[in-house]
Amino acid sequence: MGGGIVPTRRPLPSLVANGFLAAGDAAVTVNPVHGGGIGPALLSAELASKAVMEAFEKGDFTERGLWRYNIEYLKAYGIKQAMLDVFRLMLQTLTNDQLNRGLRARLLTEDEVLEISEKGSLELSFIDKLKIGLRLMKVPDVAARLRLALRYMNEVKSLYEAYPGSPEGLSSWYRRLVSIYREYTGKLGISMKWLGNA
Ligand SMILES: Cc1cc2nc3c(=O)[nH]c(=O)nc-3n(C[C@H](O)[C@H](O)[C@H](O)COP(=O)(O)OP(=O)(O)OC[C@H]3O[C@@H](n4cnc5c(N)ncnc54)[C@H](O)[C@@H]3O)c2cc1C
C-alpha cells in the first residue's frame with residue numbers, strides 16, 4: 001500500500017563536522033542487506049548523545065572534538081555495515097537465474113545468510129565448511145562471486161579497523177577505501193562513477 005526510502009550503503013566517511021553531527025537514517029546507519037534501521041538509529045543516537053555531552057563538558061564542538069563518535073559508531077556497528085555493503089553489492093549483481101540456482105543448491109542456508117547479515121561474518125566448524133564446500137561445487141559461478149565478496153568483506157573490515165584517530169587522516173584513508181571499492185566493483189562488473197564523491 002505504500003513505501004519509503006531506506007539508505008542502504010556503507011557508512012558515510014564521517015558523521016561529524018564543525019558544530020554538526022548526524023545519526024540514524026540521516027547518517028545512513030542502516031543494515032545494507034535487509035534495510036533494518038531502527039536498531040542502528042537508536043544505537044547511533046545514543047553514541048551521538050554521549051559525544052554531545054562530552055563536547056559540552058569540554059566546550060569543544062569542533063570536528064576534532066566530536067571525532068570520537070565516528071570511532072565509537074564504527075566499533076559498535078559501522079564496520080559490520082561496511083562489510084554487509086560489500087555483500088549487498090555482490091547480491092545485486094546476481095541474475096535471477098544465479099539467485100535461483102544458488103537458492104536451490106542451498107549455497108548458504110537462511111540461517112547462514114542471517115548470521116552474515118547479523119554478524120558480518122560466518123563462524124563455521126570444519127564439518128560445516130565441508131558441507132558448504134560441497135554445495136559450492138554445484139554452482140561454481142555463484143560460488144566464485146560469493147568467494148570474491150567474502151574476500152573483500154575482510155579487506156574492508158581491516159581498513160575500517162584502521163579508521164583514522166583524527167580528521168587529518170581521513171582523506172588518505174578514504175582514498176584507500178575508494179581504491180578497494182573500485183577494484184571490487186570492477187571485478188563484479190559494475191560501474192561506480194560516484195565513488196569519488198561520497
Ligand atoms: C517502508 C519502510 C519499512 C521499514 N521497515 C523497517 C523494519 O521493519 N525494521 C527496521 O529496523 N527498520 C525499518 N525501516 C527503516 C527504519 O524505519 C529507519 O531506518 C528508522 O526509522 C530511522 O530512524 P531515524 O530516527 O533516523 O529517522 P526517522 O524515523 O525518519 O525520523 C526522522 C524524523 O525527523 C522528522 N523530520 C524531518 N525533517 C524535519 C525537520 N526539518 N524538522 C523537524 N523534524 C523533521 C521526520 O518527520 C521524522 O519523524 C523501514 C523503512 C521504511 C521506509
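Ligands are counted one by one from 1 in listed order, and the atoms in each one are counted from 1 as well.
Under the 4.0 angstrom criterion, atom 22 (C) of ligand 1 counts as having a protein heavy-atom contact. Checking atom 38 (N) of ligand 1 against the protein gives no heavy-atom contact under 4.0 Å. Taking a distance limit of 4.0 Å, we find that atom 34 (O) of ligand 1 is approached by no protein heavy atom. Protein heavy atoms are absent from the 4.0 Å sphere centred on atom 8 (O) of ligand 1. Distance screen at 4.0 Å: atom 52 (C) of ligand 1 has a protein heavy-atom neighbour inside the cut-off. Taking a distance limit of 4.0 Å, we find that atom 18 (C) of ligand 1 is approached by some protein heavy atom.
Using the six-membered ring where Trp is involved, Y181 and Y184 have ring planes that are perpendicular, over 60° apart on the 30 and 60° scheme. Classification of the Y160-W173 ring pair by plane angle, with boundaries at 30° and 60°, yields perpendicular.
Residue G24 has at least one heavy-atom neighbour below 4.0 Å for each of these atoms of ligand 1: 26 (O). Distances below 4.0 Å separate heavy atoms of G36 from the following atoms of ligand 1: 10 (C), 11 (O), 12 (N). Residue-ligand proximity, V6 to ligand 1, at heavy-atom distances under 4.0 Å covers atoms 51 (C), 52 (C), 53 (C).
No donor-acceptor pair under 3.5 Å is formed between the side chain of N70 and the backbone N or O of S14. In this structure, the side chain of Q98 engages the main chain of T95 through a donor-acceptor pair within 3.5 Å.
Of the candidates S166, S171, S172, S166 is the only one forming a side chain to side chain donor-acceptor pair (under 3.5 Å) with E168.
By the 6.0 Å contact criterion, CG on N96 is open, its count of non-hydrogen atoms from other residues, nucleotides or ligands being 12 or less. A 6.0 Å sphere centred on NZ of K157 holds no more than 12 heavy atoms belonging to other residues, nucleotides or ligands.
V30 and L12 end up in different hydrophobic clusters when Ile, Leu, Val, Met, Phe, Trp and Tyr side chains are linked at under 4.5 Å.
For atom 1 (C) of ligand 1, the closest non-hydrogen atom on the protein side is G4 N, 4.0 Å. The protein non-hydrogen atom at the shortest distance from atom 27 (O) of ligand 1 is D25 CB, 4.2 Å. For atom 14 (N) of ligand 1, the closest heavy atom belonging to the protein is G35 O, 3.9 Å. Protein heavy atom at the shortest distance from atom 25 (O) of ligand 1 is A41 CB, 4.6 Å.
Residue contacts with ligand 1: G37 is placed with a nitrogen or oxygen under 3.5 Å of a nitrogen or oxygen of the ligand (distance criterion only).
Looking only at side-chain heavy atoms (C-beta outward), R145 and L91 stay at 4.5 Å or farther from each other.
Within the 6.0 Å centre-distance limit, the rings of F56 and F61 are counted as a close aromatic pair.
Contacts with ligand 1 closer than 4.0 Å are made by heavy atoms of both the backbone and the side chain of I38.
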